[in-house]
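Side chains are part of it too, since the values below use all heavy atoms of this structure and drop only hydrogens, waters and symmetry mates. Just so we're clear, the structure is a prediction, and the values are computed from it rather than from any experiment.
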Amino acid sequence: MTPRRRLKEKPAEAPQKADSSGKTRRFNPFREKRFKNALELTKLLYHNKEIKKFRKIGSSKEETLEEKLVDAGWGVVVGSMRVQQRLEEKGIDATYNPLVAYRNEIILNRTKDFPGSNFFVFIKFSNFKTTAFFTDPSAGEGGRALTKKKLMRRRSTYRGKSKWAEKTALELLRVSRRKPDDAFYACIHGHWGENHGRDDGISPRKDIIRQFMLWHYDVDATGYHNWIDKDVMADIARTEKSLGILKVLSTEFTYRFRTSTCDNGPHLNLWFADDETAGDFQRRFLKGKARKMPGLAPSQDKEDVLAYIRRKRQEKKLALGVAHPSCLLNLGGRRLPVGLINMLNLRNEDGKYYKWASILSFIQRNADGIGAFNPTVGGIEVQFKNPKVQKQMEELVTELIPRYIGGEANLDENNINMALALFARHTRGKFAYFDHDTHNYSSTKYYLRAVSPLSYGRTVFYFDQESFSLLEKRGGLSSEDVIRIMRGRGIYSPGMDKEAIRTLYETGNIEKKGASRKMSEGSRDAGKVKISMDTFLELKNEALAPVQQRKSRVYRLIKAPNDIKRGLQYVKLIWTEWVRRTKSMWKP
C-alpha cells in the first residue's frame with residue numbers, strides 16, 4: 001500500500017475530550033501525563049487528608065511525620081494561567097504570579113495557613129521528566145558537612161515511577177523539619193538590578209526573589225546604595241508578601257567621613273521600621289545630594305546624619321549596621337577605603353591618625369550590628385600604619401578566629417570582619433550578621449546545582465515561645481518587629497484596645513482612672529528574639545572562605561555575563577573618582 005493511500009484510509013482522530021467543566025484540555029496528552037506527577041506531589045502537600053493517607057509509609061521513627069506539619073497545607077504559586085486552571089479543577093487554590101514562577105512550574109511554600117518560617121520547593125514538568133528542586137536548611141555542623149548533592153536536592157521521574165510523589169513528599173517534609181517554624185532567615189544586605197542607575201546591583205528582580213525562595217529566606221532587608229525608591233520597593237514588597245517574605249526598607253549609606261586624605265567614608269546598613277522614616281531619610285540626606293555613581297558618599301554633614309540616626313534609633317524607627325568593617329575597593333592605581341576599620345589608616349581634621357578607641361566609640365554609640373563575613377570582599381592583607389593598632393588587630397584576629405572558626409588566621413579583610421563582629425557581640429552587645437552584599441544573583445530556571453553566596457551563611461531570628469505565640473495571633477512579622485529585634489528588644493505587643501477597656505470598666509473589673517494605666521501596661525516588647533549567625537565557613541590558607549562543598553563553578557559560569565556588566569560599573573567608578581580628584585587638584 002502506498003503512503004498516499006495509507007494516509008487516505010487512516011481513520012479520523014477523535015476530537016479532544018472536554019473536562020467536567022466543559023472546557024477543552026489545552027495540554028497535549030504527552031504533557032498531561034508528565035503533569036500528572038507534579039499534580040500528585042502538589043496535592044499531597046496541599047491537602048491535609050491526602051498527606052495523612054501516606055503518613056505511615058515510613059517505617060522508622062525518623063520518617064514519621066509530625067502532626068504540626070500535617071495540619072498546615074502548603075501554599076501554591078504558578079507562572080501559567082493554564083496550570084492554575086488545571087490545579088483549581090482539582091481543588092487546589094493556586095496564585096498566578098509570573099514575576100517569580102515560570103510557565104511549566106509550580107512553587108510551594110509550607111507557610112500557607114500559619115505565620116511560621118518559610119520552606120520552598122520548586123516543581124518543574126516537561127515532556128520528558130518531572131523534577132522537584134529544594135535545598136537542605138540544616139544548621140551548624142550538620143549543614144557544614146553537607147555535600148552539594150545533599151545541599152541542593154533534585155528528585156526527578158521520567159516515566160511516572162511508582163510512588164514517586166509519595167516518596168518525594170516524605171523527603172520534603174523530613175528535610176523541612178530541619179528549619180524550625182520559629183527560625184526566620186534574614187538577608188539584610190544586598191542590591192537590586194532594576195534601579196534606574198541608582199544602585200550597583202545588576203541582577204533581574206525575578207532571579208533575586210527566586211534565590212531568596214531557594215534558600216528559604218523569610219526577611220528581605222536589602223536595598224539600593226545611597227538611595228531609597230519607595231515606589232519600586234513597594235512593588236517588590238507586594239510580590240514578596242504574596243510568597244510569605246517580609247520586605248524591610250533599607251539602604252547602604254556611605255558615611256561622609258571627611259578627612260585630610262579622603263572625602264569618602266565607611267558603608268553603613270540602615271534599616272527602617274516604616275515608610276515614613278525611610279522617606280524622611282531620603283528627603284533629608286539623599287535626594288539632591290547623592291552622586292551619580294552609586295557607592296560614593298552623598299554630599300551631607302556627617303554630624304547631622306549621626307544626630308538623626310541616634311534619635312531614630314531611640315524611637316525604635318531605625319537600626320544601623322556596620323557593613324564590611326574592613327574593605328578596600330581597588331580603583332586601579334589606588335584603593336578607596338569603604339570600611340570603618342580602614343579609617344585607622346587615614347588622618348582626621350587635625351592631621352592625626354584615627355585611633356582604635358574612636359572606632360569602638362563609634363560602634364558603641366551608633367551601631368546595632370556588625371557585618372561578619374562578606375562574600376564580595378577579597379583576601380587583601382591589611383596593614384595599619386600605627387604600630388599600636390597593628391598589634392591590637394593582630395591580637396584580635398588571632399584570638400577570636402581560632403575560638404569561633406578554628407585554626408590560625410592573618411589580617412585578611414574577612415578575618416578582621418569576623419573577629420570584630422564577634423568581639424563587638426561579646427563585649428558591646430551588638431549582633432553579628434552575615435553580610436551577603438550580593439550584587440549578582442544567578443538564575444534558578446534550570447535547577448542547576450549552582451551554589452550562591454546566600455548559602456554561605458545567614459542571619460537567623462530565633463523566637464521564644466511567648467514571642468512566637470504572639471506572632472501567630474498577629475498573623476506574621478512586621479518591619480517594626482525587625483527593627484525592635486535588631487535594637488535588642490522583643491517583638492511589639494500592642495496594648496489593650498478601647499473596646500476591651502470599656503468592657504472591663506462596665507463589668508467593674510477595673511476603675512476608670514486605672515484604665516489608661518492598664519492600656520499602657522499592655523504595650524510592651526513581648527518575649528525574646530535571639531539574633532544568631534549561622535555560617536558555613538572554613539579557614540583555608542589562613543583566610544576565611546565558604547566550605548569546600550559549597551563553592552560552585554556552575555554558579556560562576558551562569559553569572560559570567562552579569563560579571564561583565566559589573567566590571568563596566570567599576571570602570572565607570574574609577575573614571576568618576578579620577579575626574580573628581582583631578583578637578584579638586586585644580587581648585588584654588
Side-chain angles (χ1 to χ4, degrees), residues 25 27 29-58 63-66 69-97 100-113 118-137 149-150 152-179 210 213-214 216 243-244 444-447 449:
R25 289 182 180 176
F27 284 10
F30 190 54
R31 178 166 294 182
E32 182 79 12
K33 186 177 180 181
R34 297 282 79 79
F35 178 70
K36 181 180 178 182
N37 298 310
L39 174 62
E40 195 167 339
L41 178 56
T42 303
K43 285 172 60 180
L44 288 171
L45 294 174
Y46 182 85
H47 291 299
N48 300 337
K49 294 180 180 179
E50 294 296 330
I51 295 177
K52 290 179 180 178
K53 285 182 181 179
F54 68 93
R55 186 170 179 265
K56 296 182 179 180
I57 290 179
E63 292 177 326
T64 303
L65 305 182
E66 295 180 351
L69 288 173
V70 172
D71 289 342
W74 290 41
V76 183
V77 177
V78 297
S80 167
M81 296 189 71
R82 288 186 291 175
V83 176
Q84 181 189 35
Q85 178 187 348
R86 290 288 290 113
L87 292 176
E88 289 178 347
E89 291 170 2
K90 298 297 182 179
I92 298 174
D93 183 19
T95 301
Y96 171 65
N97 193 338
V100 295
Y102 290 101
R103 291 173 61 94
N104 60 334
E105 187 175 52
I106 300 172
I107 305 175
L108 295 96
N109 182 17
R110 74 177 179 188
T111 54
K112 171 178 173 285
D113 296 323
N118 294 327
F119 186 93
F120 293 95
V121 57
F122 298 79
I123 306 171
K124 181 169 62 176
F125 56 92
S126 67
N127 289 344
F128 301 101
K129 66 178 179 179
T130 304
T131 302
F133 188 56
F134 56 99
T135 60
D136 190 320
K149 287 188 176 181
K150 287 289 186 180
M152 306 185 75
R153 304 194 180 200
R154 285 195 308 242
R155 296 295 178 261
S156 301
T157 179
Y158 292 87
R159 296 186 177 276
K161 294 180 181 178
S162 176
K163 295 188 177 181
W164 173 84
E166 290 91 338
K167 293 177 181 177
T168 304
L170 272 174
E171 183 180 1
L172 271 166
L173 292 172
R174 189 164 55 245
V175 172
S176 70
R177 288 164 57 188
R178 296 172 187 173
K179 184 188 179 190
R210 285 174 64 89
M213 297 167 71
L214 179 63
H216 314 302
L243 305 169
T444 56
K445 183 176 182 179
Y446 300 105
Y447 295 3
R449 289 193 174 101

Going through the checks in order, is the side chain to side chain contact (heavy atoms under 4.5 Å, CB included) test met by R103 and R82? CA-CA 9 Å; R103 291 173 61 94; R82 288 186 291 175; 2.8 Å; yes
Trace of the salt bridge (charged side-chain N to carboxylate O under 4.0 Å, His left out) decision for E105 with R210: CA-CA 12 Å; E105 187 175 52; R210 285 174 64 89; 2.8 Å; yes
Using side chain to side chain contact (heavy atoms under 4.5 Å, CB included), reason through L108 and F134 one step at a time and then give a plain yes or no. CA-CA 10 Å; L108 295 96; F134 56 99; over 6 Å; no
Before giving the answer on side chain to side chain contact (heavy atoms under 4.5 Å, CB included), spell out for V121 and W74 the whole-Å C-alpha distance, their side-chain angles and the decisive distance to 0.1 Å. CA-CA 10 Å; V121 57; W74 290 41; 3.9 Å; yes
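The backbone N or O of M152 lies less than 3.5 Å from a partner atom in the side chain of R449, making a donor-acceptor pair. Although no hydrogens or angles enter the test, the distance criterion places a donor-acceptor pair under 3.5 Å between the side chain of N109 and the main chain of L243. Using modelled atom types, no side-chain atom of Y46 and backbone atom of L41 make a donor-acceptor pair closer than 3.5 Å.
Between F35 and F125, the ring planes are perpendicular. Angles over 60° get that label, and only those under 30° would be called parallel.
One finds no salt bridge joining E40 and K43 here, because no Lys/Arg side-chain nitrogen approaches an Asp/Glu carboxylate oxygen to under 4.0 Å.
In plain terms, the two heavy atoms of L214 and F122 that are nearest each other are CA-CE1, 3.7 Å. P137 and H216 get closest at one heavy-atom pair: CB-CD2, 4.0 Å.
By the 4.5 Å heavy-atom criterion applied to side chains, N118 and F120 are counted as neighbours. Side-chain contact between L87 and V76: present, with at least one pair of heavy atoms (C-beta onward) separated by less than 4.5 Å. The shortest distance between side-chain heavy atoms of Y158 and T130 does not fall below 4.5 Å. With a 4.5 Å cut-off on side-chain heavy atoms, R153 and T135 do not count as touching.
The CZ atom of R110 sits 12.0 Å away from the CG atom of L45 when rounded to the nearest 0.5 Å. Between E171 atom CD and D136 atom CG the span is 9.0 Å, to the nearest 0.5 Å. Once rounded to the nearest 0.5 Å, the distance linking OG1 of T131 with CZ of R154 reads 8.0 Å. With rounding to the nearest 0.5 angstrom, the CG atom of L39 is 5.5 Å from the CD1 atom of I92. Between the NZ atom in K129 and the CH2 atom in W164 there is a gap of 11.0 Å [rounded to 0.5 Å]. Of the inter-residue distances, the one linking L172 atom CG with I123 atom CD1 reads 7.5 Å to the nearest 0.5 angstrom.
Under the ring-ring contact (aromatic ring centres under 6.0 Å, His included) criterion, Y102 pairs with no residue at all, not counting sequence neighbours.
Figure legend: K124 and Y447 shown as a cation-pi pair, the cationic atom lying under 6.0 angstrom from the six-membered ring centre and within 45 degrees of its axis.
Atom OH of Y446 has 12 or fewer heavy atoms from other residues, nucleotides or ligands within 6.0 Å.
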